[in-house]
Amino acid sequence: MIEKPHLPFNSNDLMPFISEETIDFHYGKHHLGYYNKLIGMLKDRPDLANMNLIDLIRHSHGRDDMVGIFNNAAQIYNHSLFWDSLSVSPQKCCSTAAKLIQDSFGDLDHFKKEFSSAAAGLFGSGWVWLVKNSAGKLEIITTQNAKTPITNPTLTPLLVLDVWEHAYYIDHRNNRPQFIEDFVDHMINWDNVCKILGKVCH
Ligand code: MN
């Protein structure tokens, strides 16, 4: 059973960094578009009807006969984590997250530089992720198109930035670096990172 994804804030809450028009298109047309397509595809697949979203992503991953189902299911998950990765008001990196960042990247500035450079260097459409690996360290990884680290049970996705053009083109045209800078400097939802880690943000 796949739940309809929701937006955890109002369309104009991220202004001035992301416009209401961008959010309305991104959530209303793109994110819900993936959901509607998947629901349509599942009508012919009663065998998959009882799977939850993550199970469906893992089940369809890498299967030639399920490319459409994988792409749409993965995009539903990726976008839901992206909305949860955005804070409607600037947040300081809390000490809980800062400690993990320090252990893995040296300090917050190094993390921001590494994350930004991964986001700027990703060719074409895709996603930039902060994940926790099985050794408890944080890593920055990128995925192309709909690909998602949730297919790898040893990785826990904590934070994600959508760098498909539809995420920034209305507001910034081709200026992806501005969009990245706004994200790392003003919009990272550290509370949500801590929530996924099962830790209190303080
Ligand atoms: Mn998107």
Side-chain angles (χ1 to χ4, degrees), residues 5 7-9 11 13-35 37-38 53 57 61 67 70-88 90-91 93 97 101 104-105 108-133 138-152 155-190 192-193 196:
L7 192 64
F9 40 71
S11 299
D13 281 350
L14 297 163
M15 290 169 68
F17 304 115
I18 303 180
S19 68
E20 184 172 5
E21 186 185 4
T22 290
I23 296 294
D24 282 343
F25 267 86
H26 201 168
Y27 170 70
K29 304 289 181 193
H30 294 277
H31 196 184
L32 291 186
Y34 297 121
Y35 169 75
K37 274 186 209 147
L38 181 67
L53 185 63
I57 293 168
H61 180 232
V67 172
F70 172 80
N71 284 338
N72 286 287
Q75 286 292 76
I76 295 170
Y77 166 78
N78 295 351
H79 281 91
S80 290
L81 183 61
F82 176 50
W83 306 135
D84 284 341
S85 297
L86 299 170
S87 171
V88 296
Q91 287 183 13
C93 182
I101 293 282
S104 305
F105 303 103
L108 188 61
D109 277 348
H110 276 95
F111 159 72
K112 284 182 176 178
K113 265 189 201 147
E114 212 174 299
F115 192 94
S116 301
S117 124
L122 198 162
F123 185 79
S125 297
W127 301 84
V128 189
W129 305 80
L130 178 67
V131 299
K132 190 178 81 158
N133 65 25
L138 305 188
E139 289 177 40
I140 292 163
I141 60 171
T142 60
T143 58
Q144 295 264 342
N145 300 322
K147 291 274 170 61
T148 175
I150 202 70
T151 51
N152 182 343
L155 299 177
T156 306
L158 302 174
L159 184 78
V160 68
L161 177 64
D162 185 345
V163 290
W164 284 54
E165 276 189 347
H166 67 226
Y168 57 86
Y169 209 82
I170 292 171
D171 297 336
H172 300 296
R173 298 302 182 214
N174 60 334
N175 192 353
R176 187 193 284 186
Q178 183 64 57
F179 175 64
I180 297 165
E181 189 182 320
D182 289 344
F183 175 73
V184 298
D185 285 344
H186 303 285
M187 290 190 284
I188 293 180
N189 190 340
W190 293 109
N192 196 61
V193 170
I196 298 171

- For the student: nearest non-hydrogen atoms of T22 and A167, plus distance: CG2-O, 3.6 Å
- Query: Is the shortest heavy-atom distance from the side chain of S80 to the side chain of H31 under 4.5 Å?
  - Reply: yes
- Item | Name of the residue among D162, L158, L130, V160 meeting side chain to side chain contact (heavy atoms under 4.5 Å, CB included) with S85 | V160
- Could you check if a side-chain atom of Y168 sits within less than 4.5 angstrom of a side-chain atom of I180, using non-hydrogen atoms only? no
- With under 30° as parallel and over 60° as perpendicular, where do the rings of F115 and F111 fit, or are they tilted in between? tilted
- Heavy atoms of A73 and L53 approach each other most closely as O-CD1, 3.6 Å
- Query: Just how far is it from atom CH2 of W190 to atom OG of S87, taken to the nearest 0.5 Å?
  - Reply: 11.5 Å
- R176 and L122, any side-chain heavy atoms less than 4.5 Å apart: yes
- Would a distance-only check, ignoring hydrogens and angles, find a side-chain to backbone donor-acceptor pair under 3.5 Å from Y34 to A74? no
- Item | Heavy-atom check, side chain of L81 versus side chain of I196, under 4.5 Å | yes
- Message: Would you say that K112 contacts I188 through its side chain, given a criterion of any heavy-atom pair below 4.5 Å between the two side chains?
- Response: no
- Message: Here's a test for you: under side chain to side chain contact (heavy atoms under 4.5 Å, CB included), which of D84, N78, L86 qualifies with F82?
- Response: L86
- Message: In the structure I gave you, are the side-chain heavy atoms of T151 and I57 within less than 4.5 Å of one another anywhere?
- Response: yes
- Steps toward side chain to side chain contact (heavy atoms under 4.5 Å, CB included) verdict (L155, W129): CA-CA 11 Å; L155 299 177; W129 305 80; over 6 Å; no
- Query: What heavy-atom pair brings F179 and I18 nearest, and what distance separates the two atoms?
  - Reply: CE1-CD1, 4.1 Å
- Item | Short side-chain donor-acceptor distance under 3.5 Å, T148 and W127 | no
- Item | Positive for side chain to side chain contact (heavy atoms under 4.5 Å, CB included) with I141, one of N133, V128, V131 | V131
- Task: For the pair F183 and L159, evaluate side chain to side chain contact (heavy atoms under 4.5 Å, CB included) and give the outcome as yes or no after the intermediate values.
- Result: CA-CA 11 Å; F183 175 73; L159 184 78; 4.2 Å; yes
- If we ignore angles and hydrogens, is there a donor and acceptor under 3.5 Å between the side chains of N71 and Q75? no
- Message: Check for me whether the distance between the ring centres of W83 and H26 falls short of 6.0 Å.
- Response: yes
- Query: Above 12 or not: heavy atoms from other molecules or residues under 6.0 Å from NE2 of H110?
  - Reply: no
